[in-house]
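These figures come from a predicted structure and were not determined experimentally. Letters A, B, ... mirror the listed sequences (proteins, then strands); counts begin at 1.
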Protein chains: 2
Amino acid sequence: MTTHGEGSLKKVFRDNQLKATPQRLDVLKLLMTCSEHLDAEEIYQRLLKKKKNVSRATIYRTLEVLVEHDFVRKLDFGDGRMRYEQNQNPEEHHDHMVCQVCGKVIEFYNPKIEDLQELVAQNHNFVMLSHTMHIYGLCSECAEGHNGNE
Amino acid sequence: MTTHGEGSLKKVFRDNQLKATPQRLDVLKLLMTCSEHLDAEEIYQRLLKKKKNVSRATIYRTLEVLVEHDFVRKLDFGDGRMRYEQNQNPEEHHDHMVCQVCGKVIEFYNPKIEDLQELVAQNHNFVMLSHTMHIYGLCSECAEGHNGNE
DNA sequence: TTTTAATTGAGACGCATTATCATTTGGAAG
DNA sequence: CTTCCAAATGATAATGCGTCTCAATTAAAA
Ligand SMILES: [Mn+2]
Ligand SMILES: [Mn+2]
Ligand SMILES: [Zn+2]
Ligand SMILES: [Zn+2]
């Protein structure tokens with residue numbers, strides 16, 4: 001469990017010629033200590049609760065910067081808004097299952113699928129830079145209410 | 001190469017208790033004779049050129065209906081608008097590679113990946129109802145300009 | 001032909017995100 | 001510690017895709 005001191009967070013920005021403003025530190029710190037997949041509004045509200053006032057515009061701008069520098073991943077689960085999560089280990093890219101009933105997000109990492117994706121790309125002389133794979137359906141809990149054997 | 005007569009297109013709607021209006025037939029016919037991945041505005045413009053005036057609202061409504069009844073697939077390539085394609089053989093679900101330079105879309109079908117997706121879902125007691133997998137990067141043509149061996 | 005519920009078109013509206021711009025500030029230089 | 005200015009922020013206007021509203025039209029059943 002990595003404990004990020006204030007200093008190491010500042011380093012994240014300064015190493016990339018970016019000012020380490022309190023607003024940026026607040027957004028980054030929140031994402032680094034959160035396992036959920038938050039959207040911009042949720043980030044705004046959570047910071048508000050902690051008396052950290054960061055304007056929505058700045059949240060969007062900060063997220064853009066963090067995504068550009070690979071500290072954060074931007075995810076689209078198809079519900080009309082983007083979600084964000086820390087990009088812990090970029091080499092072990094995880095994908096997502098999203099329950100269409102309760103919204104729960106389950107993460108998974110499957111090296112076989114990753115390899116096959118790379119293979120498919122190569123077969124088409126396509127240079128893969130990124131990929132997304134989302135499985136939509138019913139989580140185990142929500143599936144119980146939908147089948148006959150309960 | 002399936003040639004859809006006007007009559008068979010009407011059947012598509014009537015079989016689902018939907019009025020076979022000229023607007024709906026125009027939208028469906030366009031998609032059935034098109035291999036591209038069009039967005040709503042492109043559909044609107046193409047119909048305009050053919051003197052087929054269908055309002056944007058009706059295009060959206062028709063697409064919604066066609067997607068609901070599995071005649072059309074709705075795709076999100078992450079560029080801020082939805083794209084649509086005919087759903088030829090639902091049992092052989094194809095996925096997409098999207099070139100981030102020229103926008104070209106390459107389709108592929110990989111049964112191994114499909115199987116692994118189902119397996120992953122089962123391992124989490126997750127009922128997979130649908131899935132998306134997009135590979136983003138550079139198509140063969142656009143990659144030439146980006147590497148050193150040209 | 002009559003009848004009516006479904007559909008359409010025009011435009012208002014919603015909502016996530018981006019752009020604008022005057023004001024503030026991080027941090028480098030001295 | 002001050003000075004200084006490009007970078008960053010906040011307030012809010014603007015954008016753009018998509019949905020909603022509602023009066024007028026129409027498919028198609030009777
Ligand atoms: Mn995740
Ligand atoms: Mn396709
Ligand atoms: Zn669920
Ligand atoms: Zn290309």
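For A:Thr58 (side chain) and A:Val54 (main-chain N/O), no donor-acceptor pair under 3.5 Å exists by modelled atom type. Side-chain atoms of A:Asn110 come within 3.5 Å of backbone atoms of A:Lys112 as a donor-acceptor pair (strictly under, hydrogens ignored). In this structure a side-chain-to-backbone donor-acceptor pair under 3.5 Å is present from B:Asp39 to B:Glu41.
Using the six-membered ring where Trp is involved, B:Tyr136 and B:His134 have ring planes that are perpendicular, over 60° apart on the 30 and 60° scheme.
Using a 4.5 Å heavy-atom cutoff, the side chains of A:Ile135 and B:Gln117 are in contact.
Side-chain contact check for A:Glu85 and A:His94: at least one donor-acceptor pair (N or O, by modelled atom type) lies under 3.5 Å. Side chains of A:His37 and A:Glu42: a donor-acceptor N/O pair is absent below 3.5 angstrom, by distance only.
Aromatic ring centres of B:Phe77 and B:His96: separated by under 6.0 Å.
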Would B:Arg73 and B:His93 count as a side-chain contact (heavy atoms from CB on, under 4.5 Å) if you check the C-alpha gap in whole Å, the side-chain angles of each, and the deciding distance to 0.1 Å?
CA-CA 10 Å; B:Arg73 278 215 289 163; B:His93 173 104; 3.0 Å; yes
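The side-chain contact (heavy atoms from CB on, under 4.5 Å) with A:Leu38 is formed by just one residue from the set A:Gln45, A:Arg46, A:Met82; it is A:Arg46.
Once you apply a 4.0 Å limit to the heavy atoms of chain B, the touched nucleotides of DNA chain D run 5' to 3' over D:dC17 to D:dA28. Nucleotides of DNA chain C lying under 4.0 Å from heavy atoms of chain A occupy a range whose first and last members, 5' to 3', are C:dA16 to C:dG27.
End-to-end axis angle of the helix from C:dT1-D:dA30 to C:dG30-D:dC1, using five pairs per end and rounding to 10°, comes to 30°.
Using a 4.0 Å heavy-atom criterion, one finds that B:Arg24 contacts the sugar-phosphate atoms exclusively. Looking at heavy-atom distances under 4.0 Å, A:Asn53 makes contact with sugar-phosphate atoms alone, never a base.
Checking B:Ala57 against B:Pro22, the closest nucleotide of DNA chain D that is more toward the 5' end is the one next to B:Ala57. Heavy-atom distances to DNA chain D give each of B:Lys19 and B:Met82 a nearest nucleotide, and the one nearer the 5′ end belongs to B:Met82.
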